[in-house]
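Reading through the structure tokens given below for one structure.
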Protein chains: 2
Amino acid sequence: MSSLAAPRAPISTCAVAVDTALLTIRDGQLRLLLIEPEPSALRGWWALPGRRVRDDESLDDTAHRSLSELAGITAPGAHLEQLRTYGDPSRDPRGRVVSVAYLALTPFADDPVDPGRARLFDVGELGATGGPQLAYDHERIVTDALERARAKLEYTSLATAFVPEEFTLADLRRVYEAVWGVPLDPANFRRKVVSTPGFVVESDKTASPGPGGGRPAKVYRRGSATHLHPAMLRP
Amino acid sequence: MSSLAAPRAPISTCAVAVDTALLTIRDGQLRLLLIEPEPSALRGWWALPGRRVRDDESLDDTAHRSLSELAGITAPGAHLEQLRTYGDPSRDPRGRVVSVAYLALTPFADDPVDPGRARLFDVGELGATGGPQLAYDHERIVTDALERARAKLEYTSLATAFVPEEFTLADLRRVYEAVWGVPLDPANFRRKVVSTPGFVVESDKTASPGPGGGRPAKVYRRGSATHLHPAMLRP
DNA sequence: CCGGTTGTGGTCAGTCCGACCGTAACGATG
DNA sequence: CATCGTTACGGTCGGACTGACCACAACCGG
């Protein structure tokens, strides 16, 4: 976009990286994928999986690669969206790195994680003492990722990215409860979900009850809607 | 997807730029700032004001600079927020450029624009025949910017970024009508705005009526709220 | 069989919103 | 000054949606 012909300061370039905040749900709790950056680095420091952008690679491709190379996650059905770009000149002590952060969501069914130094942390531990210390400005990225996820559950069908192909309304409700951190009324949640056009479609199957018993639930699949009208507002 | 220890391609860097979509309101219509990229370039092509990121410069600073250097806009009270980053390898035919797009909003009071090749276009002309042809992938950026602005009017107090310090509820309503492109009921709009805590605060002044006469309106200022509860939903 | 648990359907009151009407306060016109 | 058109302001009414409940259905375990 240069327009002036006068001799300018030499055109400089930046290192561009992608850092991915992957969220999933385990045991009813929202969890975040973190990795130990280097074995030689300080113990107890954790970071988001990140990779440098290659010359012929789109940003989305780099995000996928950061998950596959650093955590062995190749889930093709995972939701992936750009979050925000962090470019403060002093955000990385090793030099100027502009980082495009991504938000990734996977269903809670996929167990195969942790091929190396990756781990899933309960997001409740993050700010607390004893929790992982985050490197660089990754704590801020995580804060933004959580807020994005919480907000988009309200007005999009993003919650279905956390559940497998077939799910019950209780599964979906536990997603909202885990991400928002508040309990929801099962009956009202059900009324809201089924009355929102295109959110979920009922299948003819029924799920088997849990270990404690209880009435079997109907099985649903994702609907075609991406935006919810009206929105499901946080209590 | 290779993670092998074999010698990798040399670490490469990208040109990083900031492109800014500035929106304002003129004559009751939503307008977008565009510039002619180069005198020697094809006639009739327009682009968002953009600048390369300097070594010691934050992305926000580059966005401010793109407005001041290319359009003479230095409004310190302008709202500026990051929109999204566009990094497709083929988005710029001259080479790999990763562009961080920004959304800027200024009150409709500021007239001093157009020091060079800058112009304010009615957003209604953009897709239509006879409107400006946008270079690179800037049409997509503009689409995303408009959708961001329209969506954020719903659940934030962003509309006050389009009006001066002191404004009437009719001014604020015309902002919503211009951005959303739909007429709103004045009475219902008023009820909604004044009942949303922290949106606006009443001053003791009254504005003078327009040329056609009419009862003078009370003058309001911005409130302290950033998010609206409940939201002001599009009709 | 019986109590505990979970899913499903319904009621009821309060809130919010769109559509609408009436009044207040101005400028313009005769 | 009287009237009219225009805009601001305040209120009403019915429908839609929501949260707090309650009741029943369907399963498990003892």
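By convention in this document, chain letters (A, B, ...) are assigned in the order of the sequence lines, proteins followed by strands, and residues within each chain are numbered from 1.
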In whole angstrom, what separates Leu233(B)'s CG from dG18(C)'s P?
-> 8 Å
Phosphate contact (dG10(C) OP1 or OP2) by Arg190(A) side-chain N/O below 4.0 Å = no
Phosphate OP1/OP2 of dC17(D): any Lys192(A) side-chain N/O under 4.0 Å = no
For residues Thr168(A) and Lys218(A), determine if any side-chain heavy atom of one lies less than 4.5 Å from a side-chain heavy atom of the other.
-> no
Distance in angstrom units between Phe189(B) CZ and dG11(D) P, rounded | 19 Å
Residue pairs fulfilling side-chain hydrogen bond (donor to acceptor under 3.5 Å, both in side chains) with at least one residue in residues 172-183 of chain A, sequence neighbours excluded = Arg173(A)-Glu177(A)
Name the residue closer to the 5' end of DNA chain C, choosing between Pro235(B) and Gly210(B) according to the nucleotide with the nearest heavy atom.
-> Pro235(B)
Go through the side-chain N and O atoms of Thr226(B) and Thr156(B) and say whether any donor and acceptor fall under 3.5 Å apart.
-> no
Atom-pair distance (CG on Asp185(A); C1' on dC21(D)), nearest Å | 8 Å
So, Asp19(A) versus Tyr86(A): side-chain donor-acceptor pair below 3.5 Å or not?
-> no
Pair up each side-chain donor or acceptor in residues 199-207 of chain B with any protein partner under 3.5 Å, not counting sequence neighbours, and list the distances.
unit_1: Ser203(B); atom_1: OG; unit_2: Lys205(B); atom_2: N; d: 3.0
unit_1: Ser203(B); atom_1: OG; unit_2: Val219(B); atom_2: O; d: 3.1
unit_1: Lys205(B); atom_1: NZ; unit_2: Glu166(B); atom_2: OE1; d: 3.2
unit_1: Lys205(B); atom_1: NZ; unit_2: Glu166(B); atom_2: OE2; d: 2.9

Would you mind classifying the nucleic acid contact of Ala187(B) as base, sugar-phosphate or nothing, using non-hydrogen atoms under 4.0 angstrom?
-> base
Interatomic distance where CG belongs to Asn188(A) and C1' belongs to dA13(C) [whole Å] = 13 Å
d(CE, Met232(B); C1', dG18(C)) in whole Å = 14 Å
Leu184(A) has an atom CG; how far is it from atom P of dG7(C), in whole Å?
-> 13 Å
Could a donor-acceptor pair under 3.5 angstrom be found where the side chain of Arg191(B) meets the base of dG18(C)?
-> yes
Closest-nucleotide 5' rank along DNA chain D - winner of Ser195(A) and Pro216(A) | Ser195(A)
Provide, to the nearest angstrom, the distance between the CD atom belonging to Glu154(B) and the P atom belonging to dC17(C).
-> 12 Å
Taking the nucleotide of DNA chain C with the closest heavy atom to each, which residue, Asp171(A) or Pro230(B), is nearer the 5' end?
-> Asp171(A)
Scan Ala207(B) against the nucleic acid and name what it touches under 4.0 Å (heavy atoms): base, sugar-phosphate only, or nothing.
-> nothing
Do any side-chain nitrogens or oxygens of Arg215(A) fall under 4.0 Å of OP1 or OP2 in dT8(C)?
-> no
Grab the NZ-C1' distance between Lys218(B) and dC9(D) for me, whole Å please.
-> 7 Å
